[in-house]
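Side chains included, hydrogens not; waters and symmetry mates left out as well; all remaining heavy atoms used. First the proteins, then the strands, lettered A, B, ... as listed; each starts at 1.
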Number of protein chains: 2
Amino acid sequence: MHASGAAGEPAAATTAALRVHARLRELLMAGMLEPGQKVSLRTVAGMLDVSVQPVREAVSRLVADRALVVMPNRAVRVPLLTLAQFRELTAIRLVVEGYAAGEAALRRTGADLAAIRRHDAAFRRERAKARPDAARAIAHNQALHFTVYRAAGIAELLPIIEGLWLRIGPVLNFDLRGDLAKLRMAKWERCHAQLVEAIACGDARGARKALARDIVGAAKRIEARGILPPGDHDGKSRGNGHGPGH
Amino acid sequence: MHASGAAGEPAAATTAALRVHARLRELLMAGMLEPGQKVSLRTVAGMLDVSVQPVREAVSRLVADRALVVMPNRAVRVPLLTLAQFRELTAIRLVVEGYAAGEAALRRTGADLAAIRRHDAAFRRERAKARPDAARAIAHNQALHFTVYRAAGIAELLPIIEGLWLRIGPVLNFDLRGDLAKLRMAKWERCHAQLVEAIACGDARGARKALARDIVGAAKRIEARGILPPGDHDGKSRGNGHGPGH
DNA sequence: TGACCTCAACCGTGATCACAGTTTACGGTA
DNA sequence: TACCGTAAACTGTGATCACGGTTGAGGTCA
């Protein structure tokens, strides 16, 4: 434990493993790791100035959530979603995040609504800049979405949605990062405005539909790129390899 | 690695950590671990005849999925759900598993339907016995459900549902294990029959409704026991402590 | 008898070594 | 120049030791 606090921070009330875990989550969600990229335990350990042990634990957790995958060679990589997987995840997002948005419209407090409007405005402002910062725009968009989901008042829902974002984040945001023009598309603004408006009015169905347009719009943007491998995947293969048998 | 294959089995094409992970998952889902029970790394390691290292990795994964929780003391326990958490999970199950059941009704193959009927019959047979075996009944029920969900043809959905069962399994099944009379309740049979019938007919809405009755029935059975702590939980607290901030 | 202190056992965490398997790069050969 | 085999470097995995912290039991003192 002598390798801590290099930057002079108060550092760890938490464990090193949790910090590595949180850091890798950020990188994945923000699309700062390229899909398909190799992730070496010792390399990450070196970058974050810890031993391999905490990195092992963090990577193991991310593998359990399929945010990282181990190849048959036992090499760890950022997963490269197939087109079929991407479409499945989009369909699930429509159900789960749509449910959350609907509940948010019914149960949001005044403070929730204010926070939602704040993140919406911040995202809009970043987008309108002459040279928008992709990282900042992505962060604002994420904050907007999760403020909505949090407003649903169903705490158990958040980790599930975070798990979904951990899967699609690399695809969605790594692509966005490389093509800033996409950030300028008009759809974003309209979908977000409709979403916020519906939540303000307590219109659950409207919120669900507006969010669905947002999700589908982003999905179409990705599919149009044609970068996702075709996927030999029929949807009935095993989900994770350790599920209930029979 | 010298501590393997004591029973002379071909043993590990996989890793020790994965075996421990799978074993603990089984125990949790089947309700063989009491909610609130302490889980010591060294104790588990001793029971499964491995060092603490693979156990650490397995437990870490389960903690990441909130199938186990670490107390502020850093002790690891089987989570004891609050009433509020249990109700949230039930609501999410209605949405997610209901979606899967509906899709299964639309997309199931003939082989899927046959397998579903097989598991339904096995469960019914076990239930009708003079001295039914709780473990076997639980396994049949689980197999029935997951065969339905698998028939939905959405592979990405399965790990999510497994995550939900990992949370509620200890509560649902540990309770059931201690009160075999509950296994005799008529509701099970009716709900399952309606579910299978709807899936056979391609009636998505009917399948969703039948499954909802099954889930709600089980939830009411648990709530009637009154063993769940009241839960100071307002549903807007942080979900897992490492999510997106703002 | 009750409260307090002390020490031993145990807890999770991090670092490190050992090992087997894979990948990669280099040098010799055809 | 193209190919192939070998050796070095690196991969994840398991076991083990060291450490700080908590827990719980035993004994002592008021």
**OP:** Look at all strands and tell whether Val39(B) reaches a base, only sugar-phosphate, or nothing, counting heavy atoms closer than 4.0 Å.
**Re:** sugar-phosphate
Original post:
Closest nucleotide of DNA chain C for Val52(A) versus for Lys38(A): which of these residues is on the 5' side?
Top reply: Val52(A)
Original post:
Just to confirm, is there a sub-4.0 Å distance from OP1 or OP2 of dT11(D) to any side-chain nitrogen or oxygen of Thr43(A)?
Top reply: yes
**OP:** Name the closest nucleotide to the Arg42(B) side chain, picking from dG12(D), dT13(C), dA15(D).
**Re:** dT13(C)
Subject >> Out of dT24(C), dT13(C), dG14(D), whichever nucleotide has its closest atom nearest the side chain of Thr15(A) >> reply: dT13(C)
Original post:
Which nucleotide sits closest to the side chain of Ser40(B): dC11(C), dG12(D), dA15(D)?
Top reply: dC11(C)
Original post:
Counting any heavy atom closer than 4.0 Å, what does Val70(B) reach on the DNA or RNA strands: base, sugar-phosphate only, or nothing?
Top reply: nothing
Original post:
Separation of Leu68(A) atom CG from dT11(D) atom P, in whole Å?
Top reply: 15 Å
**OP:** Return the nearest nucleotide to the side chain of Pro54(B); candidates are dA15(C), dG12(C), dG14(D).
**Re:** dG14(D)
Original post:
Any Lys/Arg nitrogen of Arg150(A) or Asp112(A) sitting under 4.0 Å from an Asp/Glu carboxylate oxygen of the other?
Top reply: no
**OP:** Assign Val55(A) to base, sugar-phosphate, or nothing according to its heavy-atom contacts below 4.0 angstrom with the strands shown.
**Re:** nothing
Original post:
With a 4.5 Å heavy-atom cut-off, do Arg167(A) and Phe86(A) have their side chains touching?
Top reply: no
**OP:** Would you mind telling me which of dT16(D), dG14(D), dT23(D) lies closest to the side-chain atoms of Arg56(B)?
**Re:** dT16(D)
Original post:
Between Glu97(A) and Ile161(A), is there a donor-acceptor pair closer than 3.5 Å when you use the side chain of the first and the backbone of the second?
Top reply: no
Original post:
In whole Å, what is the span from the CZ atom of Arg77(A) to the C1' atom of dG12(D)?
Top reply: 15 Å
Original post:
Do His119(A) and His145(A) have side-chain heavy atoms sitting under 4.5 Å apart?
Top reply: no
**OP:** By nearest nucleotide on DNA chain C, pick out whichever of Leu41(B) and Gln53(B) is the more 5' one.
**Re:** Leu41(B)
Original post:
Looking at Ser51(A), does any N or O in its side chain come under 4.0 Å of the phosphate oxygens OP1/OP2 on dC17(C)?
Top reply: no
Original post:
Which nucleotide in the set dT22(C), dT16(D), dT11(D) lies at the smallest distance from any side-chain heavy atom of Asn73(A)?
Top reply: dT22(C)
Subject >> Residue that, paired with Val59(B), satisfies side chain to side chain contact (heavy atoms under 4.5 Å, CB included) out of Val44(B), Val52(B), Leu24(B), Val20(B) >> reply: Leu24(B)
Subject >> From dG14(C), dT13(D), dG14(D), nucleotide with atom closest to Glu57(A) side chain >> reply: dG14(C)
